[in-house]
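To start, the structure itself, in structure tokens.
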There are 2 protein chains.
Amino acid sequence: MKITAIEKYGLRCLLVLAKVGPDTQLSISEIAVKEGLSVPYTSKLLSILRKAGLVQAERGRGGGFNITRKAADITLFDVLTALGGPLVEPHHCSRYTGNLKECIHIDRCSVHDVLDSLADYVQQFLTDTTLEDILKENKTVYLKKDDYKLILTRAGVENKLTG
Amino acid sequence: MKITAIEKYGLRCLLVLAKVGPDTQLSISEIAVKEGLSVPYTSKLLSILRKAGLVQAERGRGGGFNITRKAADITLFDVLTALGGPLVEPHHCSRYTGNLKECIHIDRCSVHDVLDSLADYVQQFLTDTTLEDILKENKTVYLKKDDYKLILTRAGVENKLTG
DNA sequence: ATAATACTTTACTTTTTTGTAAGGATTTTA
DNA sequence: TAAAATCCTTACAAAAAAGTAAAGTATTAT
């Protein structure tokens with residue numbers, strides 16, 4: 001489980017466009033220079049972002065790319081999903097079947113369950129974090145399990161929260 | 001950002017050993033059959049787990065693998081780190097430098113900052129989840145941001161918690 | 001001792017991902 | 001209408017990851 005190169009570089013390219021806002025266009029080569037990437041590679045990354053609807057392109061002389069929404073309206077989840085797909089494949093158990101036709105745990109897969117929980121958990125962070133947060137270096141504060149237990153106890157709130 | 005095949009299959013092999021406990025040995029071929037994997041591949045996965053100290057091997061007739069600690073004492077973080085390394089490379093910015101010698105954002109990299117935060121956040125889930133939790137299908141409940149904000153407000157607790 | 005069992009290591013092949021190259025299509029400007 | 005600028009598409013090359021194969025080493029039972 002790693003952040004891939006395409007995810008990181010793609011995010012960086014999009015942040016360049018987020019910084020200048022939806023009303024400003026930049027060309028591929030401008031973005032490439034800003035990020036220290038090759039023009040063809042930058043082109044590929046922007047193409048992925050365009051197909052996901054995060055940026056728009058205009059061709060011809062004077063053309064370029066602009067971000068389609070403002071930074072506060074794009075989450076890290078939107079970006080990473082566009083660039084790298086979901087953390088857990090939707091049909092994970094039918095894809096990773098080892099040597100067999102079907103996953104040997106197809107009936108009840110505790111591994112798949114826990115990975116799905118992890119994916120949900122990660123998604124919460126990603127959807128809570130917008131490009132604006134990244135540009136402004138806002139850090140979202142998450143509560144550690146022990147902290148909230150303590151607070152709930154102190155506050156006399158019963159600890160029966162849904163996940 | 002994806003769970004890799006090695007991470008998933010490696011976890012499954014370790015769970016087989018976790019289920020029978022530290023005092024029971026199973027051979028590679030027994031594990032391979034249980035998980036529907038090839039013997040050589042299973043062998044490779046167990047070798048990785050052994051080098052990480054999560055399982056022990058005994059050679060020769062009657063040999064096999066056993067888990068070194070009981071399920072409650074091994075976390076998902078231990079397992080996934082052994083099989084796939086860290087989510088964010090420690091020297092991420094010096095590795096992903098595009099075409100340049102150094103990352104163009106080396107002085108102050110907001111992307112790296114947010115990815116580090118994500119890694120910390122993920123690590124919390126992974127260290128909170130043990131192999132026993134997976135075997136028993138315990139689900140750890142995490143509080144959503146909006147939920148705890150509401151509770152804190154109701155309880156009159158000031159919302160200044162450290163991450 | 002020797003054969004059988006079972007792990008270990010190294011190297012190789014296949015597949016996937018990353019990154020590049022080249023020609024094509026579109027728009028603007030003169 | 002032609003040239004210049006710019007994005008678009010497809011195919012290819014290189015690198016990394018996944019998975020296999022084969023020969024080696026250690027242990028036990030006979």
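Every chain is numbered from 1 and lettered A, B, ... according to where its sequence line falls, protein lines coming before strand lines. What's counted below: heavy atoms across the whole structure, side chains too, no hydrogens, waters or symmetry copies.
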Between the protein and nucleotides 24-28 of chain C, list every N/O to N/O distance that falls short of 3.5 Å.
| residue | atom | partner | partner atom | Å |
| --- | --- | --- | --- | --- |
| C:dT27 | O2 | A:R61 | N | 3.3 |

So which heavy atom on B:A71 is nearest to which on B:L135, and how close? CB-CD1, 4.2 Å

Do A:L131 and A:L11 have side-chain heavy atoms sitting under 4.5 Å apart? yes

Distance check needed: C:dC7 P versus B:N66 CG, whole Å only. 11 Å

Any chance the side chains of B:S110 and B:D113 put a donor and an acceptor closer than 3.5 Å? no

Separation of atom CD1 in A:I3 from atom P in C:dT17, rounded to whole Å: 16 Å

So do B:K70 and B:D73 actually touch side chain to side chain, heavy atoms under 4.5 Å? yes

B:L76 versus B:T130: any side-chain heavy-atom pair under 4.5 Å? no

Smallest separation among heavy atoms of A:Y121 and B:V122, with atom names: CE2-CA, 4.1 Å

Mind checking if A:L46 touches a base, just sugar-phosphate, or nothing, with heavy atoms under 4.0 Å? nothing

Taking atom P of D:dG19 as reference, at what distance in whole Å does atom CG of B:L37 sit? 9 Å

Interatomic distance, B:Q56 CD vs C:dA6 C1' [rounded to whole Å]: 16 Å

Contact summary for A:L17 and A:F65, nearest pair of heavy atoms: CD2-O, 3.4 Å

Using atom CZ of B:R50 as one end and atom C1' of C:dT8 as the other, report the distance to the nearest whole Å. 7 Å

Side chain of A:A57 (C-beta onward), nearest among D:dG19, D:dC7, C:dT8: D:dC7

Between CD1 of A:I48 and P of C:dT17 the distance, given in whole Å, is 12 Å

Figure out the CG/C1' separation between B:L83 and D:dG19, and round it to whole Å. 15 Å

Heavy-atom pair with the smallest gap, counting every atom of A:M1 and B:L126: CE-CD1, 4.3 Å

Does the side chain of B:L49 reach to within under 4.5 Å of the side chain of B:L83, using non-hydrogen atoms? yes

Please report, rounded to the nearest Å, how far the C1' atom of C:dT8 is from the CG atom of B:L45. 15 Å

Please evaluate residues B:V88 and A:K2 with respect to the criterion side chain to side chain contact (heavy atoms under 4.5 Å, CB included), reporting the C-alpha separation (whole Å), side-chain torsions for both, the decisive distance (0.1 Å), and the verdict. CA-CA 6 Å; B:V88 175; A:K2 288 198 178 306; over 6 Å; no

Contacts table for residues 22-37 of chain B: side-chain donor-acceptor under 3.5 angstrom, sequence neighbours left out:
| residue | atom | partner | partner atom | Å |
| --- | --- | --- | --- | --- |
| B:T24 | OG1 | B:V20 | O | 3.2 |
| B:Q25 | NE2 | B:E58 | OE1 | 2.9 |
| B:S27 | OG | B:S29 | OG | 3.3 |
| B:S27 | OG | B:E30 | N | 3.2 |
| B:S27 | OG | B:E30 | OE1 | 3.4 |
| B:E30 | OE1 | B:S27 | N | 2.7 |
| B:E35 | OE1 | A:H105 | NE2 | 2.7 |
| B:E35 | OE1 | B:R12 | NE | 2.6 |
| B:E35 | OE1 | B:R12 | NH2 | 3.1 |
| B:E35 | OE2 | A:H105 | NE2 | 3.0 |

Angle between the two end axes of the helix from C:dA1-D:dT30 to C:dA30-D:dT1, five base pairs per end, rounded to 10 degrees? 0°

Where each residue is assigned the nucleotide of DNA chain D containing its nearest heavy atom, which of A:K51 and A:G63 is assigned the position nearer the 5′ end? A:G63

Just to be sure I understand the geometry, which residues of residues 13-29 of chain B put a non-hydrogen atom under 4.0 Å away from DNA chain D? none

Is it true that B:D78 and B:T75 share a donor-acceptor pair across their side chains at a distance under 3.5 Å? yes

Nearest heavy-atom pair of B:L45 and B:C13: which atoms, and what distance? CD1-SG, 4.0 Å

Nucleotide N/O to protein N/O under 3.5 Å, stretch nucleotides 20-22 of chain D:
| residue | atom | partner | partner atom | Å |
| --- | --- | --- | --- | --- |
| D:dT20 | OP2 | B:S38 | OG | 2.8 |

Which nucleotide in the list C:dC7, D:dA18, C:dT9 gets nearest to the side chain of B:A5? D:dA18

Could you list the residues that satisfy salt bridge (charged side-chain N to carboxylate O under 4.0 Å, His left out) with B:E132, not counting sequence neighbours? B:K136

